[in-house]
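The sequence lines fix the lettering, A, B, ..., with proteins before strands; numbering per chain opens at 1.
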Amino acid sequence: MNSKLTALVDADNFYVSCERLFRPELRRRPVAVLSNNDGCVVARSQEVKDFGVKMGTPVYQIRNLIKSRGIHVFSSNYELYGDISNRVMRVLGRFSADREVYSIDEAFFRLRQDQAENLCEQIVSACWDWLSIPVKIGVAPNKTLAKAATEIVKQEKLSKRFLIISRPEEIDEILKKLPLEEVWGIGGRLAGKLKRAGIASPMALKSLPEEYLRHHFGVVTARTAAELRGSVCFDLENQPRPQKNLCYSRSFGQCIDNGPELRQAVTDYATEAAAKLRKQHLKAQSVSVFILTDRFKSEAPQYANSASFTLTPAINDTLPIVRGALKALNRVFRNGYAYKKCGVLLNRLIPEDQTQPDLFIPENPRDKGVSAAMDIVNRRYGAGSLVLAGSGIRNQKWRMTRRCRSARYTTQWSELPQVK
DNA sequence: TCTGGGGTCCTAGGACCC
DNA sequence: TCTGGGGTCCTAGGACCC
């Protein structure tokens with residue numbers, strides 16, 4: 001009875017819950033959070049889901065609904081969500097050190113079966129009482145089934161905010177309710193391929209021989225099926241794995257058709273990417289840049305390309321990374337297109353303290369100084385306070401729009417909520 | 001007018017080596 | 001007429017996740 005189970009804690013409509021935290025009057029009102037540039041809906045309160053608004057719906061398609069139903073709309077405020085996420089994870093950490101932070105709003109746990117019920121109740125209460133963040137929990141023999149259990153808790157609006165399944169008949173009962181594409185690891189394309197092969201449900205998937213699945217659908221699908229049968233194939237990862245790539249990309253507020261403005265955007269994005277790299281104490285061995293036209297404007301000429309530039313030795317200073325990114329941009333830029341998006345990727349990352357100094361190319365103390373100054377000023381006075389002149393100063397058509405962003409309540413002194 | 005961003009892993013195929 | 005085999009590494013593309 002003391003076997004170990006896996007739990008998944010999942011915050012309800014996380015971005016919406018974060019917005020409601022400082023606007024409690026919105027608790028039972030319809031609320032939606034938008035992607036960058038206020039383009040798509042990326043988080044919906046239950047009320048908005050009940051209106052039939054799907055994840056990723058372009059905002060312009062639901063303008064009327066927003067008006068007629070009085071949906072409260074927020075631009076995304078990732079500084080706020082990131083900070084609240086850290087607080088949630090700290091609270092969860094008090095219940096078990098055997099925990100994996102899986103995403104901004106989810107964490108896996110290992111817990112003893114005889115303690116599961118009690119722990120779930122405590123976790124639900126703690127998240128709500130201390131942070132006003134509602135969570136749901138699924139508990140099962142492995143990650144895939146814990147995900148499935150969480151999905152059922154969400155779909156069925158159970159009286160409890162958690163569901164514990166361990167016996168085979170309990171597992172089958174929830175698998176019979178779960179659509180194939182809701183299985184963790186089975187996305188839309190794979191579900192279509194499986195269905196064409198006559199495999200239409202999680203129960204059908206789990207009954208197939210390992211060898212057959214591996215051969216026709218790959219090793220990951222075979223493992224997923226094994227987890228549906230109750231074996232453990234995906235372990236808990238307490239230590240975050242070292243990151244291998246880092247990307248900073250944004251769609252532009254307005255399309256850009258000329259080199260100088262594109263260079264501004266690339267300079268800005270490379271500056272941001274380099275700052276992220278230093279924050280994580282990593283260095284990159286190459287930088288690449290991609291540019292894209294607007295794929296939704298089918299009548300306009302389309303173009304997409306990318307190029308990379310090797311950084312030797314590995315580096316994390318802003319100036320050389322920006323120079324490398326601009327060289328890569330020069331190789332792919334073509335006149336005559338309206339560009340909608342670009343991105344800067346830093347590849348083959350290695351920990352700062354494991355890099356080999358190059359005998360022939362000494363580190364440039366000036367580059368180091370510039371990076372350090374930017375980090376200090378931007379930490380103290382807010383992101384974007386000290387930038388390179390190459391990013392441009394005004395009329396940045398490329399800069400994204402966020403018309404309805406809430407305040408950065410917890411990460412900017414000047415935006416602290418006020419109690420009157 | 002208006003359609004997100006940031007990751008990971010697996011696989012197949014080609015280059016290269018012995 | 002007859003033209004190897006096996007291994008590694010790298011990359012691009014495709015799938016998945018939130």
When rounded to the nearest Å, what value does the distance between C1' atoms of B:dC17 and C:dG4 take?
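These two C1' atoms come out 14 Å apart once rounded.
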
Reckon [X] touches a base, only the sugar-phosphate, or nothing at all at heavy-atom distances under 4.0 Å?
X	result
A:Q243	sugar-phosphate
A:L190	sugar-phosphate
A:V183	sugar-phosphate
A:K297	sugar-phosphate
A:V220	sugar-phosphate
A:R214	nothing
A:R63	nothing
A:D38	nothing
A:D105	sugar-phosphate
A:K143	nothing
A:G253	nothing
A:L246	sugar-phosphate

Nearest-Å distance for atom pair [atom1]/[atom2], residues [X] and [N]:
X	N	atom1	atom2	value
A:R403	B:dC2	CZ	C1'	9 Å
A:E272	B:dG5	CD	C1'	14 Å
A:N347	B:dT8	CG	C1'	14 Å
A:F290	C:dT11	CZ	P	19 Å
A:K193	C:dC16	NZ	P	10 Å
A:K340	B:dG4	NZ	P	8 Å
A:L345	C:dT11	CG	P	14 Å
A:E151	C:dC18	CD	P	8 Å

Report yes if at least one side-chain N or O of [X] is closer than 4.0 Å to OP1 or OP2 of [N]; otherwise report no.
X	N	answer
A:R250	B:dG6	yes
A:R295	B:dG4	yes
A:S251	B:dG5	yes
A:K147	C:dC18	yes
A:R241	B:dC9	yes
A:R223	B:dC10	yes

Closest listed nucleotide, where the reference is the side chain of [X] and the choices are [options]:
X	options	answer
A:K244	B:dC10, B:dT8, B:dT3	B:dT8
A:K276	B:dG6, B:dT8, B:dC2	B:dG6
A:N245	B:dT3, B:dT8, C:dC17	B:dT8
A:V42	C:dC18, B:dG4, C:dC16	B:dG4
A:F296	B:dT8, B:dG4, B:dC2	B:dG4
A:D294	B:dT3, B:dG4, B:dG6	B:dT3
A:S249	B:dG5, B:dG7, B:dC10	B:dG5

Can you name the one residue among A:K49, A:K136, A:R27 that meets salt bridge (Lys or Arg N to Asp or Glu O under 4.0 Å) with A:D12?
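So, applying the salt bridge (Lys or Arg N to Asp or Glu O under 4.0 Å) to A:D12 and each of A:K49, A:K136, A:R27, only A:K136 qualifies.
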
Can you tell me if A:Q264 uses its side chain to pair, donor with acceptor, with the backbone of A:G259 under 3.5 Å?
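Not at all, since once roles are kept as given, no pair shorter than 3.5 Å links the two residues.
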
Please check this pair: side chain of A:E182 against backbone of A:I152, looking for a donor-acceptor N/O pair closer than 3.5 Å.
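It does not hold such a pair.
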
Give none if B:dC18 has no partner; otherwise give the nucleotide forming a Watson-Crick or G-U wobble pair with it, both distances under 3.5 Å.
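Matched B:dC18 with C:dG5 under the 3.5 Å cut-off.
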
5' priority, DNA chain B, between A:V219 and A:M400 [closest heavy atom]
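Going by which nucleotide is closer to the 5' end, it is A:M400.
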
Go nucleotide by nucleotide along DNA chain B from the 5' end; which of A:Q61 and A:Q280 gets its closest nucleotide reached first?
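It is A:Q61, whose closest nucleotide lies nearer the 5' terminus.
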
Quick test of your reading of the model: are A:D375 and A:R379 salt-bridged, counting only N-O distances below 4.0 Å?
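Not counted as a salt bridge, because no side-chain N and carboxylate O are separated by less than 4.0 Å.
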
Any ion pair linking A:K195 and A:E181 (charged N to carboxylate O, less than 4.0 Å)?
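Result for this pair is yes, salt bridge flagged.
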
Please confirm whether the ring centroid of A:Y78 lies under 6.0 Å from the ring centroid of A:Y15.
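Between A:Y78 and A:Y15, the centre distance is under 6.0 Å.
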
Check whether A:Y269 forms a cation-pi arrangement with A:R250 (NZ or CZ under 6.0 Å from the six-membered ring centre, at most 45° off the ring normal).
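No, A:R250 does not lie over the aromatic ring of A:Y269.
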
A:K143/A:D235 under salt bridge (charged side-chain N to carboxylate O under 4.0 Å, His left out): CA gap, chis, key distance, verdict:
CA-CA 8 Å; A:K143 285 179 161 181; A:D235 280 329; over 6 Å; no

